[in-house]
Amino acid sequence: MLEHLLSVLSEILSWTSLFYLFLGTMLGMLFGILPGLGGPQVMALLLPLTFAMEPAHAVIFLIGAAGAVPTGGSLTSILMNTPGTGQNAATMFDGFPLAKQGKAGMAIGAASFASVLGGIFGAVILTLILPIGKHIVLAFSYPEYFMMALMGLAMIASLSEGALWKALIAAGLGLMLSFFGTDPVTGVDRFTFGTFYLADGVKLVPALIGLFAIAETVSMFKKKGAISNEKVNTSLKGVLSGITSVFKHFGVFLKSSVIGTLIGIIPGVGGAVANFLAYGQAAATKKNPENFGKGDIRGVIAPEAANNAKDGGALVPTLIFGIPGSLEMAILMGALMIHGIQPGPRLMMDNPDIVVTLIYTLVLANIIAGIFTLLAAAPLARLTSVKTTYIAPIVMMLSLVGAYATEGMIGDVIVALVFGLLGYAMQQYGFSRVALIIALVLGDLMQKSFHQTVALMGPEGFFVRPLSLGLFLLTVFILLFPSIRKAKKRGDAHVQRPESV
Amino acid sequence: MFNGRNLFNLLIALAMVVLIAYSFAYNATARSIPLFVGSLVLIMSVLQFLVDAFPGMANRLSFIRQTGVLMEDRMQQDIESKHEISHETQPAPEEKKDDWGKVFAIFLWMSGFVLLLAFTTYKLAVPLFLFLFIWLVGKERILPALGIAAGMGVFMYALFDLLLHATF
């Protein structure tokens, strides 16, 4: 794979590739700035546009957008006290107080530079892990793939921000939806309800557009008014001091980048978790912890480094196992499949140039987004004062046109609308949409590997192989861990109570 | 008892019943996994319905309210004390009936746009939808609605016709 470094670099630096990289990055930043919209929405909307592109250009365009979203989201967190995306929420805690103190420039400088370095950190870790990925892949067979997918779903449910039970229901619903269409094992048409359209199953692109883009814009439209009513402080003095503060607090940056990368590696866990965890670990410092929440620059560096580093981490399970490390990676996998590239264990061996393209693009997108943030912070932040009644219909229209343009089939748009309604209801009632979509992506892999294991090794095949058994035990532990932890906390509180009296 | 939340739980359960019923028409291999997963989801959604519809059951089935491991108490306090960020553990406020009415109206408008898109061309559908939707549903003034409609119409033409050569 590393032998492709130079040839891919020369391809990325061509005018066409740079154009798509720049355009994708700008669009990603725009979606990052607009609250309620983020990486999944921008990728779902841009995906249909990539059909006419070369696979490499499509990858550059999409990863450029995904990589830039967290950087764009930090702007509104700092200037408007409104997180651009969920993965910028913790940035508000110290970013906005800094802006109120007249140090918006310092906060933006620190956020942008930490984002750039965090993104590079994640990409470097990815590059170091991938060569050994081939060996990991060869040790895996059908039982391991099944257990890995099962563990991925358990992890998503266990680490979801909502109720575990509801996340499991959502995952089960996603699996059932993945069974629609022709059974890959027996060739039987399942759950087609007499239509030809469903013979191909539930398509990922319209489902994504509906669940995330349409559902979010309906919520946004209902709220009315502007996205944010805070007065924008556009003075950018102190940007340089913000940049140097990242070096001054390099330990904070490094720990946060490690957290972000590790969180990214865990399938299905999003940047919001990385953002909060990194902030939490920075705030747990012994050095002036009381400053956090009042404008401590470390409270900006930590979450922003983490939410950009997570993208590199998320590519690890995506590229090595074909299991999406995040929602954005699930969409990326859809894009690769549309362009005839099969994501999964063989991707590194059959298309190493695509893998290297991904890594380079991630790094470059972060750099471009960081530079652009510093230059265009003021006018971009004004977007949040635009009314939702203007923005939401535009995004709705783009969503529906995107779904229709996929294959020119009205069925795709109906699917997008149905999933839009489903996504809105799930959002209202606390069901994890991420668990549903990841299960929809993994369902096919799980079915095939389950039946292949049973056919070749019998049901005991899952438990006689050490790796497979280990993954199964880990899955059980992951599902039980929240309850164990809660019981332990209760036990600790009970023990401490007599001492406090 | 019958609010939107409980209805949604019931709808999931009903969907599973339908899919399970359909799966009996397939051969043993084809139906094995859907039958297993569908039954599991059916049981889980029924239990969820019981907990949401009858709060007294929540004490007996407390594991259903178990949150994810990373939603720690401290994070929860940070979120609630500092900022209002909506997240899925908070129970949704009692939804007003007209909220869903508005949502269905929005979806009806989107369906109308889709029909227009299917039977005419996007060059007509896009500006018409945006203008009417922003003006009538968004209750904004005519001029901004017209401006956005025209601007997006031009943008879509430039993107699809000129850049991507994709017409539909």
Side-chain angles (χ1 to χ4, degrees), chain A residues 49 52 83 89 92-93 158-169 172-173 175-176 179 183 185-186 188 190-191 214 218 221-222 273 276-277 280 293 387 389-390 393-394 396-397 400-401 404-405 408 410 413 417 420-421 424-425 428-432 447 450-451 481-483 485-486, chain B residues 4-5 8 12 16 19 22-23 26-27 29-30 33-34 37-38 40-41 44-45 48 63-71 74-75 78 82-83 85 87-89 91-92 95 99 102-103 106-107 110-111 113-114 117-118 122 126 129-130 133-134 138 140 144 148 152 156 160 164-166 168:
Chain A
L49 302 181
M92 280 194 308
F93 299 158
S158 176
L159 295 172
S160 72
E161 290 185 11
L164 172 60
W165 194 259
K166 286 187 178 178
L168 287 171
I169 292 175
L173 187 58
L175 279 177
M176 289 303 287
F179 301 146
D183 179 13
V185 178
T186 62
V188 168
R190 292 182 303 196
F191 310 125
I214 293 179
V218 170
F221 188 79
K222 274 183 59 209
V273 173
F276 275 110
L277 269 183
K387 287 184 181 178
T389 40
Y390 294 144
I394 292 172
M396 270 181 218
M397 178 275 297
L400 294 170
V401 168
Y404 188 63
I410 203 75
V413 194
L417 284 172
L421 200 54
Y424 180 80
Q428 293 298 301
Y429 303 130
F431 287 84
S432 170
Q447 279 188 96
F450 178 85
H451 285 297
F481 183 67
S483 306
R485 198 165 153 275
K486 193 176 172 183
Chain B
R5 181 186 300 272
F8 186 64
I12 295 177
M16 292 304 114
L19 293 176
Y22 261 91
S23 67
Y26 314 132
N27 63 58
T29 306
I33 299 181
V37 174
L40 207 57
V41 177
M44 290 176 79
S45 53
Q48 184 68 57
F63 56 88
I64 287 179
R65 292 265 163 100
Q66 177 65 51
T67 53
V69 71
L70 288 173
M71 184 54 80
R74 188 185 167 182
M75 251 192 270
D78 278 342
K82 285 180 184 171
H83 302 280
I85 300 167
H87 60 96
E88 295 171 342
T89 49
E95 61 267 10
D99 269 2
K102 280 186 197 150
V103 171
I106 293 171
F107 274 90
M110 284 196 278
S111 307
F113 169 65
V114 168
L117 196 63
Y122 74 91
V126 166
F129 167 74
L130 283 175
F133 192 82
I134 294 174
E140 296 294 336
I148 289 172
M152 285 310 299
M156 296 297 279
F160 283 100
L164 296 174
H165 303 292
F168 52 90

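Naming convention: chains lettered A, B, ... in sequence-line order (proteins, then strands); numbering from 1 in each chain. On a predicted model such as this, the values are computed, not experimentally measured, just so you know. Note: hydrogens, waters and symmetry copies are ignored here, and every other heavy atom, side chains too, is used.
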Just do the side-chain contact (heavy atoms from CB on, under 4.5 Å) check on B:Phe133 and A:Met397 with the steps written out, would you?
CA-CA 10 Å; B:Phe133 192 82; A:Met397 178 275 297; over 6 Å; no
Any idea which heavy atoms bring B:Phe107 and A:Leu421 closest together, and the distance?
CZ-N, 3.3 Å
Based on non-hydrogen pairs under 4.5 Å, which of A:Val218, A:Ile169, A:Val185 is most in contact with chain B?
A:Ile169
Engaged part of B:Leu19 at the chain A interface, taking heavy atoms whose separation is under 4.5 Å:
both
With distance as the sole test, does A:Lys166 use its side chain to make a donor-acceptor pair with the main-chain N or O of B:Gln48 at under 3.5 Å?
no
What part of A:Leu175 gets closer than 4.5 Å to chain B, counting heavy atoms only: side chain, backbone, both or neither?
side chain
Out of A:Ile214, A:Val413, A:Leu400, which one racks up the most heavy-atom pairs below 4.5 Å with chain B?
A:Leu400
My understanding is that only residues two or more places apart in sequence, or in another chain, count here; which of them pass side-chain hydrogen bond (donor to acceptor under 3.5 Å, both in side chains) with A:Thr389?
B:Glu140
Honestly, the part of B:Ile33 sitting under 4.5 Å from a heavy atom of chain A is both
Name all residues meeting the ring pair (Phe, Tyr, Trp, His ring centres under 6.0 Å) criterion together with B:Tyr26; count only those two or more places apart in sequence or in a different chain, and write none if there are none.
A:Phe191
Looking at B:Val41, B:Asn27, B:Val37, which has the largest count of heavy-atom pairs under 4.5 Å with chain A?
B:Val37
B:Ile148 versus B:Ile134, closest heavy-atom pair with distance
CG2-CD1, 3.7 Å
So what's closer than 4.5 Å to chain A heavy atoms on B:Met152: side chain, backbone, both or neither?
side chain
Select one option (side chain, backbone, both, neither) describing which atoms of A:Ile410 are under 4.5 Å from chain B's heavy atoms.
side chain
Would you mind checking which part of A:Tyr390 comes under 4.5 Å of any heavy atom in chain B, side chain (CB onward), backbone (N, CA, C, O), both or neither?
both
So which part of A:Leu168 gets closer than 4.5 Å to some heavy atom of chain B, the side chain, the backbone, both or neither?
both
Aromatic ring pairing B:Phe8/A:Phe431, orientation class (parallel under 30°, perpendicular over 60°, tilted between):
perpendicular
